[in-house]
Amino acid sequence: MKTTTILVTGGAGFVGSHYVRTLLGPTGPGDISVTVLDKMTYAGNLANLAEVQRHADFQFVRGDICNTELTRKLVAEHDHVVHFAAESHVDRSIVGADAFVRTNVLGTDTLLAAAVDNPPRTFVHVSTDEVYGSIDSGFCTEDQALSPSSPYAAAKASSDLIALAYHRTHGLDVRITRCTNNYGHHQFPEKLIPLFITGLLDGEKVPLYGDGLHIRDWLHIDDHINAIELVRRAGRPGEIYNVGGGTAMTNRELAEHLLSACGSGWDSVEYAVDRKGHDRRYALDYSKIKRELGYRPRRDFATGLTETVQWYRENRAWWEPLKARASVGARP
Ligand code: NAD
C-alpha cells in the first residue's frame, strides 16, 4: 500500500512528465503513486510517459481540468495535487488567447473548487517568472507587483491570484512556484532551445527575434523538479517560491552556445521581426526558497545543454513527428 497519492495535471507535457518520471524512477521516494490528468492537447505526448506507463503505481486519465465532475472525483481520490496543466507557449497566446484563459484561468479555478470540496494535503500550483513582466535591473522577489505582458503570462498571473484567493478564503493549502525558463530533454520543439537544436540538426535556418538581446535565466529541468518537490514536502501554505539560479544570458549568447553544440555557424541564423510585447529581461531573486527549503540549482548549464543536444541527436523518433505541429513560432 502506497502512503502518498499525487494527482499530476498536465503530466504528459514537458515539465509534468519530467516530474512523474522522477517520482516513479529509480531515484524516486518509492512510496508514491501518481495519477496523471491530461487533456492531450498538441503539447501532450504519451511518449513522454513511456518509461512509467507500466509502473504499478502509475495511472493515466485523459481529461480536461475544466471538467467539474472529473476533477471533483480525482481530487477527492488523492492526497496532493501538483498542477502543471496549462497552455504554455507565448507566441500561441499572441495569435489567440481563448485557450489560455480557459485552461490557465478557468481550469485552475475548476481544480481549486474541487479541492474545496475535498481538501488535499497540498495543492502545488506551478507558475512562472513571466507573471512579473520585464525588469530592467535588479531581481524580482515574491512580493513584486505582477505586471504580465503576454496573454500567456496574464493568464498565469490570474491563476496565481485565484489560487491565493482560495488559500485566503477557504484555507486551502495552496503553494505556488514561479520558475525561470527550463531546458532539457522532451521539450516540445516549438520552444526556443529545442527549436534551435532540431532545426540545426536538420540543416535548417533558425530564427532569432529582434536584436537577440533579450535576457533569460535558463534552469535545467531537474532543478525545477527538485524545487517543486521541496515546496510540496516542506513549503508553507499560502506561500510563493521563486525558483531561479540557472544561467542568465541574452538570446544571442544562447544561440552561440547552441550553434557550437550543434556544430553550426551564424550563417544558420536568420533575424526575425521581434515578438509583439517581447519582455526584455526576466530576473528572479530566489533567496527565499534557498533560505527556507535549502534549494540549490545543481545542474551546470554547459553540461546540461550538451546532454540536451545529445538527447535530441539520439531521439529523432521522438521529435520528428512533433516538428509539423510546432508551426507557430519559437520562443520560451
Ligand atoms: P507543456 O505545454 O509542455 O505541457 C502542458 C500540458 O498540459 C500538456 O500535456 C497538455 O496536454 C496539458 N493540458 C493543456 N490544457 C489542458 C487541460 N485543459 N486539461 C488537462 N491538461 C491540459 O508545458 P510545460 O512547459 O510542461 O509547462 C508546464 C507548467 O509549468 C505550465 O503551467 C507552465 O506555466 C509552467 N512553467 C513552465 C516553464 C518552462 O520553461 N517550460 C517554466 C516555468 C513554469
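Position 1 is the first residue of the sequence; numbering continues from there. Indexing begins at 1, ligand by ligand and atom by atom, following the structure's order.
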- Min heavy-atom dist D38 to ligand 1 below 4.0 Å: yes
- Which atoms of ligand 1 are found less than 4.0 Å from any heavy atom of Y152? 33 (C), 34 (O)
- Minimum-distance pair of heavy atoms, taken over all atoms of A272 and P207: CB-CB, 4.2 Å
- Out of V36, N67, V126, the nearest non-hydrogen contact to atom 35 (C) of ligand 1 is supplied by V126
- Message: Counting C-beta onward and ignoring hydrogens, is there a side-chain heavy-atom pair between I65 and T103 closer than 4.5 Å?
- Response: yes
- Item | Side chain, backbone, both or neither: the part of M40 lying under 4.0 Å from ligand 1 by heavy atom | backbone
- With only distance considered, is K156 within less than 3.5 Å of ligand 1 through an N or O on each side? yes
- Contact atoms of ligand 1, heavy-atom distance to T41 under 4.0 Å: 10 (C), 11 (O), 14 (C), 15 (N)
- Item | F14 N/O to ligand 1 N/O under 3.5 Å | yes
- Message: Less than 3.5 Å apart, any donor N or O on the side chain of H186 or N45 sitting next to an acceptor on the other?
- Response: no
- Look at R280 together with D274 and state whether they make a salt bridge at an N to O cut-off of under 4.0 Å. no
- Winner among N182, T71, N104 once heavy atoms are compared against atom 39 (C) of ligand 1: N182
- Task: Is it possible for you to check whether K191 lies under 6.0 Å from the centre of the six-membered ring of F188, through NZ or CZ, and within 45° of that ring's axis?
- Result: no
- Report the relative orientation of the aromatic rings in H257 and F301; use parallel for angles under 30°, tilted for 30 to 60°, perpendicular for over 60°. perpendicular
- A163 and I176: which non-hydrogen atoms are nearest, and at how many Å? CB-CD1, 4.2 Å
- Query: Can you check side chain to side chain contact (heavy atoms under 4.5 Å, CB included) on V273 and Y209, steps first, answer last?
  - Reply: CA-CA 6 Å; V273 176; Y209 268 159; over 6 Å; no
- Message: Tell me whether the rings of H18 and F14 are parallel (<30°), tilted (30 to 60°) or perpendicular (>60°).
- Response: perpendicular
- Query: Starting from atom 37 (C) of ligand 1, which protein heavy atom do you reach first, and at what distance in Å?
  - Reply: V15 CG2, 4.0 Å
- Looking at S127, S88, G13, the heavy atom closest to atom 36 (N) of ligand 1 belongs to S127
- N/O to N/O below 3.5 Å, does that happen between F84 and ligand 1? yes
- Please write down residue, atom name and distance for the protein heavy atom closest to atom 20 (C) of ligand 1. K39 N, 3.2 Å
- Cation over ring, R92 on Y42, under 6.0 Å and within 45°? yes
- Item | Per-residue contact class, T180 against ligand 1 - non-hydrogen pairs under 4.0 Å | backbone
- Proximity winner for atom 5 (C) of ligand 1, if only heavy atoms of G63, A86, A12, G10 are counted: A86
- Task: Give the residue and atom name of whichever protein heavy atom lies nearest to atom 43 (C) of ligand 1, and the separation in Å to one decimal.
- Result: C179 O, 3.5 Å
- Do H83 and ligand 1 have an N or O pair less than 3.5 Å apart? no
- Ring centres of F84 and Y19 under 6.0 Å apart? yes
- For ligand 1, note which part of Y19 has a heavy atom under 4.0 Å away: side chain, backbone, both or neither. neither
- Query: Got an N/O contact under 3.5 Å between T103 and ligand 1?
  - Reply: yes
- Query: What atoms in ligand 1 come closer than 4.0 Å to a heavy atom of N181?
  - Reply: 40 (O)
- Does I65, backbone or side chain, put an N or O under 3.5 Å from an N or O of ligand 1? yes
- Message: Test of understanding: clusters of I, L, V, M, F, W, Y form through side-chain heavy atoms closer than 4.5 Å, transitively. Do L254 and I215 belong to the same one?
- Response: no
- For ligand 1, find out whether one of its N or O atoms is nearer than 3.5 Å to an N or O atom of H224. no
- Aromatic plane relationship, Y152 with F100 - under 30° parallel, 30 to 60° tilted, over 60° perpendicular: perpendicular
- Query: Near D64, which atoms of ligand 1 are under 4.0 Å from a heavy atom of that residue?
  - Reply: 17 (C), 18 (N), 19 (N)
